[in-house]
Amino acid sequence: MTAGAPIRLMTWNIHRAIGPDGTYDLDRVAAVIGRHRPDVIALQEVDTRGILELEARPLAVLARSFGPHAVEARTIVAPDGHYGHAVLSRWPLVDAETVELTVRDYEPRSAILCTAETPGGALGIATVHLGLAPGERRLQAGR
């Protein structure tokens with residue numbers, strides 16, 4: 001990418017890498033992302049639970065293919081892995097922070113705020129994975 005070229009951004013809820021056919025297929029997710037060639041991608045529902053090999057975990061696999069720089073927000077942590085969302089980038093991600101958005105009695109939620117150091121300058125990034133209930137979303141958006 002040259003300075004002044006457009007930055008390709010993508011966001012996608014990968015639904016734990018389980019497709020409409022009910023099959024877990026991280027390669028299929030990677031293929032779709034690859035067709036779009038994003039410079040920065042925000043992913044929701046990244047799930048490592050039940051995947052014991054560290055090198056086979058979704059964030060590690062996708063970071064090898066789409067950008068070595070990653071920030072993640074783990075909203076559910078279990079003995080066999082975690083679940084949450086992430087930002088991947090071809091460029092360094094700095095000033096990363098996670099903002100708590102959980103509303104009582106609902107699934108844990110958060111936002112990721114960070115800055116990508118692109119060839120054209122700093123790019124502020126905010127990504128969220130909001131809840132499903134309208135009232136929950138209103139409260140989260142207000143934060």
To the nearest 0.5 angstrom, please state how far the [atom1] atom of [X] sits from the [atom2] atom of [Y].
X      : Y      : atom1 : atom2 : result
Thr98  : Arg74  : OG1   : CZ    : 10.5 Å
Thr23  : Ile18  : OG1   : CD1   : 9.0 Å
Arg104 : Thr102 : CZ    : OG1   : 12.5 Å
Trp91  : Ile7   : CH2   : CD1   : 4.5 Å
Ile76  : Asp47  : CD1   : CG    : 8.0 Å

Between [X] (side chain) and [Y] (backbone), is there a donor-acceptor pair under 3.5 Å?
X      : Y      : value
Thr75  : Tyr83  : yes
Glu136 : Tyr106 : no
Ser89  : Val40  : no
Arg109 : Leu101 : no

Within one Ile-Leu-Val-Met-Phe-Trp-Tyr cluster: [X] and [Y], side-chain cutoff 4.5 Å:
X     : Y      : result
Leu9  : Ile112 : yes
Ile41 : Val61  : yes
Val94 : Leu113 : no

Taking all non-hydrogen atoms of both residues, which atom of [X] and which atom of [Y] are closest, and how far apart?
X      : Y      : result
His36  : Val32  : CD2-O, 3.1 Å
Leu130 : Arg137 : CB-CG, 4.1 Å
Glu45  : His85  : N-CB, 4.4 Å
Gly81  : Thr48  : CA-OG1, 3.4 Å
Val29  : Ile14  : CG1-CG2, 3.8 Å
Ala111 : Val128 : CB-CG1, 3.4 Å

In chain order, what residues pass the side chain to side chain donor-acceptor pair (under 3.5 Å) check against Arg143, with sequence neighbours excluded?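 Partners of Arg143 by the side chain to side chain donor-acceptor pair (under 3.5 Å) criterion come out as none, since no residue qualifies.
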Partner set under side chain to side chain donor-acceptor pair (under 3.5 Å) for Glu117, not counting sequence neighbours: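 Here no residue qualifies.
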If the threshold is 4.0 Å, N to carboxylate O, is there a salt bridge linking Arg49 and Asp80?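 No, no charged N to carboxylate O under 4.0 Å.
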Step by step, work out the side chain to side chain contact (heavy atoms under 4.5 Å, CB included) result for Glu72 and Val46. CA-CA 9 Å; Glu72 65 179 324; Val46 178; over 6 Å; no
Any chance you could lay out the side chain to side chain contact (heavy atoms under 4.5 Å, CB included) test for Thr118 and Asp39, step after step, and finish with the verdict? CA-CA 9 Å; Thr118 77; Asp39 296 306; over 6 Å; no
